[in-house]
Protein chains: 2
Amino acid sequence: MVRRQTKLADIARELDVSVGLVSLVLSGKSKENRISDAKAQKVILKAREMGYQINQLARGLRTGRSGIIGLIVADIANPFFGKMARFIENEASKIGYHVMFGSSDENPDKLNSLINIFLSRQVDAMLIVPVKNSLDYLLELKKQPIPVVYIDRYCDGVDEDVCCADNYDGALQLTRHLLKKGYDKIGAFVLDDVLSNNIDRIKGFQAGMADHPSGSNACSVSVIGYDELESQLKPALLKTLDKGCEALFFANNSIALKSIQILNEMGIAIGEDPGLVSFDNPDAFSVSTPGVTCYEQPIELICSRAVKTIYEKIENSEEYVMERRIYKGELIIRNSC
Amino acid sequence: MVRRQTKLADIARELDVSVGLVSLVLSGKSKENRISDAKAQKVILKAREMGYQINQLARGLRTGRSGIIGLIVADIANPFFGKMARFIENEASKIGYHVMFGSSDENPDKLNSLINIFLSRQVDAMLIVPVKNSLDYLLELKKQPIPVVYIDRYCDGVDEDVCCADNYDGALQLTRHLLKKGYDKIGAFVLDDVLSNNIDRIKGFQAGMADHPSGSNACSVSVIGYDELESQLKPALLKTLDKGCEALFFANNSIALKSIQILNEMGIAIGEDPGLVSFDNPDAFSVSTPGVTCYEQPIELICSRAVKTIYEKIENSEEYVMERRIYKGELIIRNSC
DNA sequence: GCCATTAGCTAAAACGTTTTAGCAGTTTTT
DNA sequence: AAAAACTGCTAAAACGTTTTAGCTAATGGC
């Protein structure tokens with residue numbers, strides 16, 4: 001384990017040229033700096049021969065750019081965020097960046113700790129899924145001279161770029177679909193986060209219910225804690241079904257999957273009574289019987305736009321003007337209702 | 001965006017002390033270097049006041065340690081690898097490390113490119129899910145003075161640490177379970193990778209079939225290309241069912257999910273005829289009806305052991321001795337057979 | 001009161017790059 | 001033939017840390 005990596009100086013010594021020249025050649029700046037083709041070729045060959053690999057730590061220190069984008073999601077093990085990570089990885093690599101990630105577990109202190117870790121690692125930009133009660137931390141982050149784009153959700157009170165799905169539209173479409181199918185009384189299940197995505201989904205649901213003759217009397221909304229899925233979901237489901245709800249509206253994949261499992265265990269056959277719809281489109285929805293009707297978020301679009309925005313902010317931070325980008329997803333109709 | 005981050009020199013200037021002193025204090029080396037408590041306190045307070053954040057690029061350059069672990073999986077969007085990433089993130093953070101990831105898409109050239117990127121970023125160690133035809137690249141990597149642990153699979157021909165599931169045992173258990181349930185003719189579906197995990201799963205399957213009176217005559221094995229799932233799976237399924245197979249054995253979650261979807265679309269009710277089992281335990285398996293009997297890999301154990309191994313190799317690379325660690329998973333019996 | 005020890009600190013090199021000013025020749029322009 | 005412009009390169013500073021040798025002053029032992 002003693003073998004050291006070759007560095008510019010090693011190549012320079014071998015060829016008896018200056019370190020600067022080697023650097024110029026290998027970073028593709030030969031032309032602008034009038035390096036002769038002959039020398040340039042020699043350097044390139046020798047570098048290959050010696051297995052030269054640039055030290056990005058050194059380059060980053062010197063240039064002030066690490067080439068790293070920090071990504072903070074709620075939980076990378078959640079397939080929704082896993083997909084996000086993947087699309088972001090792809091997009092970032094197209095513009096020569098790489099991704100460090102961290103999972104906040106919807107916990108503002110973890111989020112803040114990740115932010116600080118990423119700052120100390122000199123990431124060039126951050127892509128963040130904000131969590132509840134993190135406003136102060138996010139405002140603090142806003143003071144830093146580094147581009148940030150929020151994804152999946154936004155946070156009122158902090159003016160920053162956002163790329164996310166049209167949660168209102170999604171919930172509206174899902175609700176209307178249920179009503180069209182003739183379900184009369186509907187129970188919704190949402191997380192207790194006072195975050196844009198949740199709030200918009202509730203609003204969309206309620207807007208959809210407004211079409212119903214008896215309006216909000218025909219629905220119930222159960223609010224569940226992110227860390228309390230196990231304990232709170234079963235009682236909430238029972239209560240909702242007891243009330244006579246004929247259809248269930250799940251505001252995200254975690255709640256839906258857990259609920260379907262619970263219903264399965266209780267021997268309640270989903271599909272007719274109760275019917276159900278959900279946000280997100282995990283694999284499980286196309287494999288379960290019946291398949292679950294859902295609103296699939298345009299994850300790829302969100303991610304590619306988010307990375308593009310990052311790029312624009314890095315490249316010309318002066319002229320760039322903030323924007324909230326909201327993208328419609330797709331209603332996928334299966335047999336669960 | 002002009003505000004620069006405070007650095008050691010800024011604190012030093014404010015307090016009229018040397019940069020070295022500030023560094024020693026803030027990196028917790030006051031005691032060994034006999035810094036007076038008074039001065040140390042002053043430095044700590046001033047650092048907090050000025051919002052000092054260490055520059056890990058600079059530190060890394062100087063110390064030769066980046067504090068980063070490189071993780072290469074096949075696809076972070078696959079929930080199996082997503083879970084892996086999450087456990088590794090957790091374990092790494094316990095020992096003060098952070099994770100950069102990359103997805104190889106089972107492509108050796110992408111894998112190699114990621115390895116080189118990580119090397120140039122001076123990662124302190126790599127956790128790699130090897131792919132087929134990557135032996136040469138992996139041998140090349142072995143020459144580098146950096147700890148590597150392979151996870152999920154190993155690669156014959158490269159002597160390195162490995163943490164993975166007992167694929168042979170898993171396949172054996174799944175097969176025996178099918179036979180015990182009275183299924184007579186069984187079709188297996190595996191990827192075409194000549195990788196340890198696949199090979200061991202096939203071996204385990206065949207070992208299980210050896211218990212059957214008519215032995216290997218009672219089974220068929222379909223080999224599917226990773227990039228060809230869409231095109232190859234449906235014909236393979238039809239052919240297998242045509243042959244009279246009463247049960248299906250899927251060697252991983254991607255194949256299983258895709259197959260179940262295809263079967264659903266064709267209106268073939270899984271559960272009795274055909275019965276089925278699969279490797280891995282994605283959410284979908286507990287949500288589908290019937291639930292899918294499967295062999296769940298001990299992902300958490302694999303990851304925690306992998307990171308511990310990394311740590312040991314970093315800390316005392318001299319004495320460390322290589323090992324292949326194989327962990328048994330758990331047979332989860334549901335209603336699909 | 002002298003030498004040895006200790007306490008508390010500083011100065012400076014080093015890590016591996018990038019980048020710029022400018023030097024010495026050569027060629028072109030006038 | 002002198003001035004100007006260009007060619008091809010080098011030297012050296014800078015990025016923000018860590019770390020070590022060593023300096024000065026105070027303390028202790030006798």
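Naming: A, B, ... by sequence-line order, numbering from 1 per chain. Side chains are part of it too, since the values below use all heavy atoms of this structure and drop only hydrogens, waters and symmetry mates.
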Under a 4.0 Å threshold between the charged nitrogen and the carboxylate oxygen, would [Y] count as salt-bridged to [X]?
| X | Y | result |
| --- | --- | --- |
| Arg13(A) | Asp10(A) | yes |
| Arg325(B) | Glu160(B) | no |
| Lys46(B) | Glu49(B) | yes |
| Lys31(B) | Asp37(B) | yes |
| Glu312(A) | Arg305(A) | yes |

Less than 4.0 angstrom between a side-chain N/O of [X] and OP1 or OP2 of [N], yes or no?
| X | N | value |
| --- | --- | --- |
| Ser23(A) | dT18(C) | yes |
| Tyr52(B) | dT17(D) | yes |
| Lys29(B) | dT18(D) | no |

The side chain of [X] is closest to which nucleotide in this list: [options]?
| X | options | value |
| --- | --- | --- |
| Leu61(B) | dA7(C), dT10(C), dG16(C) | dG16(C) |
| Arg59(A) | dC9(C), dT17(C), dG16(C) | dT17(C) |
| Val19(A) | dT18(C), dT20(D), dG22(C) | dT18(C) |
| Lys39(A) | dG16(C), dC9(C), dC9(D) | dC9(D) |

Between Ala9(B) and Val17(A), name the one whose nearest nucleotide on DNA chain D is closer to the 5' end.
Val17(A)
Of Ala58(B) and Gly20(B), whose nearest nucleotide on DNA chain D comes first from the 5' end?
Ala58(B)
Starting from the 5' end of DNA chain C, give me the residue, Arg62(B) or Leu21(B), whose nearest nucleotide shows up first.
Leu21(B)
On DNA chain C, check which nucleotide each of Leu24(B) and Thr63(B) is closest to and give me the residue with the more 5' one.
Leu24(B)
Tell me the interatomic distance from [X], atom [atom1], to [N], atom [atom2], rounded to whole angstroms.
| X | N | atom1 | atom2 | answer |
| --- | --- | --- | --- | --- |
| Asn33(B) | dT18(D) | CG | P | 12 Å |
| Gln5(B) | dT17(D) | CD | C1' | 13 Å |
| Ile11(B) | dT10(C) | CD1 | P | 14 Å |
| Glu32(A) | dT20(C) | CD | C1' | 14 Å |
| Arg34(A) | dG22(C) | CZ | C1' | 10 Å |
| Lys31(B) | dT19(D) | NZ | C1' | 19 Å |
| Leu57(A) | dC15(D) | CG | C1' | 12 Å |
| Asn55(A) | dA14(C) | CG | P | 17 Å |

Select base, sugar-phosphate, or nothing to describe what [X] touches, counting heavy atoms under 4.0 Å on all strands.
| X | answer |
| --- | --- |
| Leu8(A) | base |
| Ser36(A) | sugar-phosphate |
| Ile54(B) | sugar-phosphate |

Taking Asp193(B) for the side chain and Leu195(B) for the main chain, is one N or O donor matched with an acceptor at less than 3.5 Å?
no
